[in-house]
> 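Please find one structure pasted underneath; my questions will follow.
Naming: A, B, ... by sequence-line order, numbering from 1 per chain. In what follows, every heavy atom counts, from backbone to side chain, and hydrogens, waters and symmetry copies are set aside.
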Amino acid sequence: MIASRVSPHRRLNSIIINSFAWLILIALALPAVWIILTAFRSNSEINASPPVWIPREITFEAFGNMFGLNPNLQQRVAVEAYMFNSLFVALSSTVVSVAAGTLAGYAFSRFKFRFHTAAFLMLMLSRTVPGVALSLPLFLLFTRLGWTNSLVGLSFVYVAINIPFAIWLMDGFFRQIPRDLTEAAYIDGCGYWSAFWRVDLPLALPGLATAAIFAFLASWNEFQIVSVLARNNASKTFPPGLFTFTEQFTIDWRGMCAMSVLMMIPAIIFVILTQRNLVRGLTFGAIKG
Amino acid sequence: MRKLTLILLITSLLAVLSFGALVSAQEGEPQYAGLDKDLAGITIKMLTIGGGQYEAMYQSLPIFEEATGATVEIVTLLDGFEIDKKLVQDYATGAVDYDVAWNHTSFMSRYVGFVEPLNNYFSAEELAAFSPSIVEAATIDGNLQLIPRHADISALHYRTDLYNDADIQAKYKEATGADLAVPTTLEEVDMQARFFHDNGYTKYGYSIVGKEEAVTGRFYEFLFGSGGNYFDENWEPIFNNEIGVSVAELLRGWYADGIIAEDTPNLVWDGDAANFCNGDVALKLEWYGWYSYFQTPDSCPNVAGNFGLARGFSGFQNEGARPTGWAGAHAFSITSASQNKEAAAQLIKFLTSERIGYEEAQLGFLPVRDDVWNRIISDASASGVPLDQERLEVARVQITEDFKTPPLIAEWIPFSNLFYPHLQAIMLGDVTAQEGLDAAAAEARQLLADAGYYDE
Amino acid sequence: MLLPSFVFIIIVTGFPLLYSLYVSFTPYELLKPNSLIFELPKALNNYTRLLNDPVFWKSLGNTIIFLTVTVNLEYFLALGLSQLLAQVTRGQAIMRTMLMIPMMFAPILVGFQFRWFFNSNLGLVNNALVSLGIIGEQTRIAWLVDEPLGMICIIIATIWMNLPVMTIILLAGTLSLPQETYEAADVDGASAWQKFRFITLPLLAPFTYIALTIRSLDVARAFDIVRIMTDGGPARRTELIWTYAGRLAIEDTKFGLGSAMSWITVIISVGFTVYLFRQLVKSRIVE
């Protein structure tokens with residue numbers, strides 16, 4: 001629609017911007033590329049000095065070993081369990097924390113109530129304590145409640161960890177939405193609830209997507225808490241699973257990287273699906289028309 | 001006269017007995033143990049070490065299950081430091097839900113009271129099968145804390161391609177007036193490491209870990225090798241005496257002069273071993289556990305087939321100097337919280353039996369039983385690589401004579417955590433050796449005073 | 001509407017915080033169950049001890065430096081990157097996904113890998129520099145040891161892994177800004193810089209403060225990456241509050257002392273967030 005108005009100057013500009021963006025992203029991706037390549041290298045290349053930058057041969061051995069396809073290795077990594085547990089915990093905690101966070105964020109952004117600021121600050125307090133300090137008291141509590149080894153219990157913790165983030169973000173995004181829009185909806189006969197559903201929530205979709213991505217990845221990568229609460233292999237997620245590849249003295253770099261590659265796949269799919277909602281505020285123009 | 005006859009009689013009896021033991025050990029298949037009780041319906045839970053070769057032994061568990069009727073459940077597999085963390089938390093919170101737990105001679109002191117004294121479950125005869133040096137080291141206040149599974153001890157690793165090179169030998173003679181021979185004292189180690197580095201034969205002369213319990217242990221080794229120690233018999237810190245200062249100054253000098261790697265204070269076992277593996281180091285103390293890694297051309301092309309092993313050198317030649325030999329044994333214990341202690345003991349007997357020990361030794365672990373030593377050394381004599389057998393023979397001597405655990409106090413790890421940052425500061429030249437060690441000694445004394453070690 | 005959120009938070013963080021508050025007034029050591037006793041005269045022992053502990057102050061100072069540098073650098077990089085990405089006309093979806101790749105690795109793996117990259121003898125960084133002739137074989141850089149390189153390296157690893165967080169928040173914020181303001185500015189003939197300076201930056205302020213607050217709290221909690229890369233060393237050069245507190249509480253089993261340290265830190269963090277929160281409120285009033 002505006003293509004006809006684009007000047008040659010603008011086109012050049014956009015090529016420069018696009019290539020510059022690619023350049024930066026590729027530079028940022030280099031360490032990741034190295035990690036991914038390590039998963040496919042032959043053993044002799046991994047510790048070679050000077051390092052071999054571009055692999056001379058590609059092997060899937062590490063993946064075969066992980067799935068127990070190598071008859072010479074007795075041990076077997078519980079990848080399926082890690083995958084299932086990670087997905088269950090990350091997805092469920094994302095859905096719950098984003099839902100609860102959206103509700104609370106809406107309340108903070110739209111309504112004045114007693115202890116507004118105090119409540120908001122309490123949320124911050126809960127984000128100041130790292131897993132290493134939370135894990136032991138939580139472990140005590142969960143042992144009493146019988147929640148150790150439980151995926152639901154773990155998910156519960158992750159929900160709590162992700163909620164403050166979700167609330168802040170949603171509060172910020174709801175505040176971006178012009179009040180007149182919501183008020184217009186009231187005039188059109190919408191109640192609070194349907195104004196929220198029909199007007200505010202769709203407009204805050206980029207915020208929702210952002211919150212969901214970070215909640216998902218935070219749960220996906222969390223290590224300290226799950227390593228204390230999950231007491232057997234069957235209830236672990238990927239990050240403690242990575243420690244399968246550390247021995248007393250050595251680290252199996254290739255195995256660890258291979259598992260990380262496997263671990264990336266669901267995360268990439270989730271991000272690809274979710275980031276679609278990061279769209280320019282199409283709606284702001286819409287109301288004017 | 002009667003006395004002499006008696007002595008003769010006893011010695012000949014002992015000779016016959018030990019010969020008989022030797023013969024019976026060499027005869028037939030190695031035996032399992034702990035299969036003689038009916039444990040039907042009992043589930044034994046176990047928390048143990050995982051990763052690579054450590055897990056091979058757990059493949060034999062079905063044999064135990066079939067023979068006894070018990071079910072063995074491995075709760076989880078973790079590496080040593082992670083298990084320690086978990087054990088501390090579980091013992092502290094009373095969340096222990098396993099019968100058999102991993103233990104280690106370096107960590108056992110802090111678990112005292114949370115594991116069963118094993119003298120009650122193993123007969124004197126059964127215990128006699130294990131290396132007395134380890135059993136003795138693992139006995140605290142008369143209570144045996146653990147049954148060893150396999151051991152490791154630090155040995156001198158040196159590059160045969162350098163030591164056997166005629167030109168280098170001549171150059172060394174010219175430079176120092178001494179013959180280039182495998183060193184037996186820390187003075188010689190210092191001289192040789194500097195020689196190899198200064199003349200560019202290797203990038204570094206020596207390599208050592210530089211942080212965490214690893215460096216506290218390595219320093220300890222140089223310290224007791226030189227006739228010093230961390231604590232005296234009343235647990236007063238004494239490592240800030242002349243011996244301690246001389247060892248700290250040695251390390252500081254090595255670091256300043258590039259004899260050890262630039263990032264030594266951030267190296268732990270993998271980075272330290274990688275320097276040797278890459279051929280950048282002439283000699284160093286290292287664990288036997290690395291042997292097959294160093295010998296594999298695929299992983300260490302520069303040193304595979306080019307290194308030799310020797311008993312640890314002694315420290316500086318003070319009174320009381322002795323060979324280094326920081327050692328440790330992976331082991332099993334029965335948790336005090338266990339409801340099935342007898343069954344747990346049976347499982348441990350099985351896992352530390354001659355047969356399982358032999359199978360582990362075949363993977364490269366050092367045995368803790370005489371019968372396994374005999375077998376594995378006789379197997380190695382058939383190997384085409386002479387070092388295979390030499391290694392075991394040297395290791396056996398070391399484990400028998402040099403086996404030394406860290407001080408047997410529950411505060412070993414907290415002590416290490418306060419000590420090594422000071423040692424690093426000395427290495428980096430932030431403080432003098434005396435200042436750093438004095439500060440560490442004051443903190444160590446405070447730590448032990450808080451724990452009630454002194455009558456004050 | 002707030003209830004569900006607070007139920008989760010109170011159970012998961014409220015209990016541990018109260019528990020550790022209680023423990024912080026006792027000499028509790030993990031493997032000595034009898035040491036969990038509260039005695040009024042000794043209640044503040046852990047706190048006085050910490051306030052007299054030079055390592056505590058050193059780790060606090062390091063944490064403040066680490067936090068300030070990391071969060072500011074992250075902010076400027078993320079601001080630039082988000083504005084760049086907002087302008088991109090083609091392949092934005094792929095770019096956003098690519099951008100988030102560093103976050104898809106577990107922090108412990110990132111720690112292990114960066115420790116290896118910065119290894120002085122065998123690591124990628126030094127070997128690349130040697131190959132390029134920038135440093136010699138004998139003048140290798142001790143990245144994780146020298147001061148202040150060690151700190152810089154853990155900052156690099158932390159920023160690398162977390163840059164996407166701030167970038168995405170700022171990008172999402174930029175995308176949500178009202179288009180008509182820009183159109184009006186176009187009509188007035190404003191330059192790109194003017195639009196950025198006088199429209200984007202002020203309108204983005206609420207998002208900026210949210211991102212800064214969240215990241216500050218997260219960076220202050222930094223643990224996994226640092227623990228694995230340097231573990232606070234050498235000689236405490238990179239010791240942070242939580243590497244020290246974690247070691248005291250769990251490895252050294254001094255849970256009472258570790259809890260006291262947690263509480264001091266929590267109070268400082270809260271003070272800091274209140275300050276940022278005030279800024280956030282102010283930025284809304286401007287708006």
Side-chain angles (χ1 to χ4, degrees), chain A residues 41-51 61 65 71-78 81 132 135-149 223-236 239-256, chain B residues 45 47 49-60 73-83 85-86 88-90 92-98 102 104 152 203 209 214 268-275 277-280 286-287 289-290 293 296-302 328 330 363:
Chain A
R41 285 174 190 273
S42 67
N43 253 336
S44 59
E45 263 180 32
I46 286 177
N47 289 329
S49 170
E61 227 180 314
N65 293 350
N72 299 325
L73 284 176
Q74 296 99 335
Q75 75 267 27
R76 166 94 177 73
V77 184
V132 64
S135 54
L136 195 74
L138 263 186
F139 177 59
L140 273 173
L141 179 68
F142 276 34
T143 316
R144 300 277 182 285
L145 296 172
W147 283 7
T148 52
N149 280 339
F223 170 73
Q224 295 295 335
I225 291 174
V226 60
S227 62
V228 173
L229 293 187
R231 300 173 53 72
N232 55 34
N233 279 342
S235 52
K236 279 184 190 166
L242 287 173
F243 267 83
T244 318
F245 300 100
T246 63
E247 289 172 36
Q248 191 75 342
F249 298 140
T250 54
I251 296 166
D252 173 4
W253 292 109
R254 191 173 65 169
M256 205 185 241
Chain B
K45 290 187 171 185
L47 174 70
I49 188 164
Q53 306 279 49
Y54 289 100
E55 292 176 23
M57 98 168 2
Y58 314 134
Q59 302 304 312
S60 304
E73 186 191 318
I74 294 181
V75 180
T76 186
L77 297 168
L78 296 165
D79 75 47
F81 297 100
E82 290 297 310
I83 297 197
K85 241 184 250 168
K86 187 176 166 69
V88 166
Q89 300 190 353
D90 286 359
T93 57
V96 177
D97 55 0
Y98 31 83
W102 170 89
H104 191 281
D152 210 342
K203 195 187 286 170
V209 289
V268 260
W269 304 116
D270 57 335
D272 174 36
N275 286 334
C277 166
N278 200 45
D280 298 324
E286 186 55 270
W287 303 104
W290 286 95
Y293 180 74
T296 310
D298 211 20
S299 44
C300 301
N302 300 329
H330 283 274
L363 299 172

> Do A/Ile251 and B/Trp269 have side chains that approach each other closer than 4.5 Å (heavy atoms only, starting at C-beta)?
no

> Using the side-chain contact (heavy atoms from CB on, under 4.5 Å) criterion, which residues pair with A/Val226? Sequence neighbours excluded.
A/Leu154, A/Tyr158, A/Glu222, A/Ala230, A/Thr237, A/Pro240

> Which atoms of B/Tyr293 are under 4.5 Å from chain A, going by heavy atoms: the side chain, the backbone, both sets, or neither?
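Just its side chain gets close to chain A.
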
> Return the set of residues passing side-chain contact (heavy atoms from CB on, under 4.5 Å) with B/Thr296 (not counting sequence neighbours), or none when no residue passes.
B/Asp298, B/Ser299

> How long is the straight-line distance from CD of B/Gln89 back to CZ of A/Phe139, given to the nearest 0.5 Å?
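The distance works out to 7.0 Å.
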
> Tell me, for B/Asp97 versus chain A, whether the close heavy atoms (under 4.5 Å) come from the side chain, the backbone, both or neither.
both

> How long is the straight-line distance from CG of A/Asn233 back to CG of B/Leu78, given to the nearest 0.5 Å?
7.5 Å

> Under 4.5 Å heavy-atom distance to chain A, tell me which part of B/Ala95 shows up: side chain, backbone, both or neither.
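Both backbone and side chain.
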
> Under a 3.5 Å threshold, yes or no: a donor from one side chain and an acceptor from the other, between A/Lys236 and B/Thr76?
yes

> State, to 0.1 Å, how close A/Leu136 and B/Thr93 come at their nearest heavy-atom pair, and which atoms those are.
CD1-CG2, 4.3 Å

> So which part of B/Ile83 gets closer than 4.5 Å to some heavy atom of chain A, the side chain, the backbone, both or neither?
neither

